[in-house]
Novice: 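Below you will find the structure I want to go over with you.
We name chains A, B, ... by the order of the sequence lines, and we start the count at 1 in each one.
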2 protein chains.
Amino acid sequence: MAGVTKELLLEDISVCAPANHTEPIDRAVAEAMATILKAVADPARLQLLSILKYAPSQEACVCDLTEPLGLSQPTVSHHLKVLADAGLVSRERRGSWAWFSLVPVRLDELRSFLE
Amino acid sequence: MAGVTKELLLEDISVCAPANHTEPIDRAVAEAMATILKAVADPARLQLLSILKYAPSQEACVCDLTEPLGLSQPTVSHHLKVLADAGLVSRERRGSWAWFSLVPVRLDELRSFLE
DNA sequence: ATTGTATATCGACATTCATCAATATAGATA
DNA sequence: TATCTATATTGATGAATGTCGATATACAAT
């Protein structure tokens, strides 16, 4: 099935926007949030997010990322896919290169949820 | 070796207090933060944190937690240990019961790091 | 001491995951 | 078309992890 994205859309986790809970979350919400948190809970992916944050024009292509991470190109590509599926980074193809950039609102959601 | 704790102390991650970075984090910092994030990135543990947050007097014992989570007592005990090792909850023995409560400053650190 | 209850640890199992080499795909250029 | 480069996918492998039953430990109360 081409064109099907596995990205978790914001609407899927209705509870994580305002974080105005008055009672404990249930299993379904916990699983949805855990999916996003798992995407962040990896050293390589934390480095990727950090590099993107401080990159000129807040973006970078895969070829700029393998060397600072010390990982192979397939592995870096894999990590970027995990981040993209979680909605934490976006991908834009320009010529032969794939440019990745942060989706800041997604990290805002994470922080809100932890309040 | 009795009395040895595996808790990650705040001092161990010198960079996560103010979150005033000006350059990308290195692998060591990323690994330290990933350890704490991994502790949070699990549905059962997110539920535990949430239940503790809304519990009367912000604490609960294991026997109060198995039923809402639908998991066995050893499994809940295991998850609480993971959270305690990450410094996210504290444990206090009172009689036969072990009372767990949140360590809010630890969650503050997580949020700061994601800024 | 014995019994009972609450919690922790152990051992095992199935699943997930990070990683790489090999290969496939996409796009640019000749 | 053919070729070159950048990125994505596949397949395999070893490590980490969530879960439970069985057992051990800690504490209270007979």
Novice: Rounded off to whole Å, could you give me the CD-to-P distance for the A:Q73 and C:dT25 pair?
Specialist: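 The distance from CD of A:Q73 to P of C:dT25 comes to 15 Å, rounded to the nearest Å.
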Novice: What integer distance in Å separates A:D64:CG from D:dT7:C1'?
Specialist: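 After rounding, the reported distance stands at 13 Å.
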Novice: Compare side-chain N and O positions of A:S72 against OP1 and OP2 of C:dC20 and report whether any pair is under 4.0 Å apart.
Specialist: yes
Novice: Report which part of the nucleic acid B:H78 touches: base, sugar-phosphate, or nothing (heavy-atom distance under 4.0 Å, all strands).
Specialist: base
Novice: Measure from the side-chain heavy atoms of A:R27 and tell me the nearest of C:dA8, C:dT19, D:dT19.
Specialist: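 Of the options given, the side chain of A:R27 lies nearest D:dT19.
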Novice: Of A:V76 and A:G95, whose nearest nucleotide on DNA chain C comes first from the 5' end?
Specialist: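 The residue whose closest nucleotide sits nearer the 5' end is A:V76.
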Novice: Please state how far atom CG in B:L69 lies from atom P in D:dC20, giving the value in whole angstrom units.
Specialist: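 After rounding, the gap between these two atoms is 10 Å.
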Novice: In whole angstroms, how far is the C1' atom of C:dA18 from the CG atom of A:L80?
Specialist: 14 Å
Novice: How many whole angstroms separate atom CG of A:D85 from atom C1' of C:dT16?
Specialist: 16 Å
Novice: Using a cut-off of strictly less than 4.0 Å, decide whether B:S96 has a side-chain nitrogen or oxygen near OP1 or OP2 of D:dA26.
Specialist: no
Novice: Say you draw a straight line from NZ of A:K38 to CZ of A:R45; how long is it, rounded to the nearest 0.5 Å?
Specialist: 10.5 Å
Novice: So B:R45, base contact, sugar-phosphate only, or nothing? Heavy-atom distance under 4.0 Å.
Specialist: sugar-phosphate
Novice: Could you state the CG-P distance from B:D42 to C:dT16, rounded to the nearest angstrom?
Specialist: 13 Å
Novice: Rounded to the Å, how far apart are A:L48 CG and D:dT7 P?
Specialist: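 Atom-to-atom, A:L48 to D:dT7, this comes out as 13 Å.
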Novice: Kindly compute the distance separating CG (B:D64) from CD (B:E59), expressed to the nearest 0.5 Å.
Specialist: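 Spacing of CG (B:D64) from CD (B:E59) equals 10.0 Å.
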Novice: Please determine if a side-chain N or O atom of A:S77 lies less than 4.0 Å away from the OP1 or OP2 oxygen of D:dA8.
Specialist: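 Yes, such a contact exists.
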Novice: Does a side-chain heavy-atom distance below 4.5 Å link B:L48 with B:V89?
Specialist: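 When only atoms from C-beta onward are counted, B:V89 and B:L48 do not touch, as no gap falls below 4.5 Å.
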Novice: Could you state the NZ-P distance from A:K38 to D:dA16, rounded to the nearest angstrom?
Specialist: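 Checked: the NZ to P distance equals 16 Å.
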Novice: Running the 4.5 Å side-chain criterion over Ile, Leu, Val, Met, Phe, Trp and Tyr, what cluster does A:W99 land in, apart from itself?
Specialist: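 Noted: A:W99 shares its cluster with A:W97.
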Novice: Which listed nucleotide (D:dT7, C:dT19, C:dA8) is nearest to the side chain of B:V62?
Specialist: C:dA8
Novice: Given D:dA8, C:dA18, D:dG21, identify the nucleotide with an atom nearest to the side chain of B:P74.
Specialist: D:dG21
Novice: Measuring to OP1 and OP2 of D:dA8, would you say a side-chain N or O of A:R93 lies under 4.0 angstrom away?
Specialist: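 So the side-chain polar atoms of A:R93 never come under 4.0 Å of the phosphate oxygens OP1 or OP2 of D:dA8.
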Novice: Applying a 4.0 Å non-hydrogen cut-off, can you work out what A:R94 is touching in the nucleic acid: base, sugar-phosphate, or nothing?
Specialist: nothing
Novice: One thing to verify: whether B:E115 and B:R111 come together as a salt bridge, which I'm taking to mean a side-chain N less than 4.0 angstrom from a carboxylate O.
Specialist: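 No salt bridge links B:R111 with B:E115.
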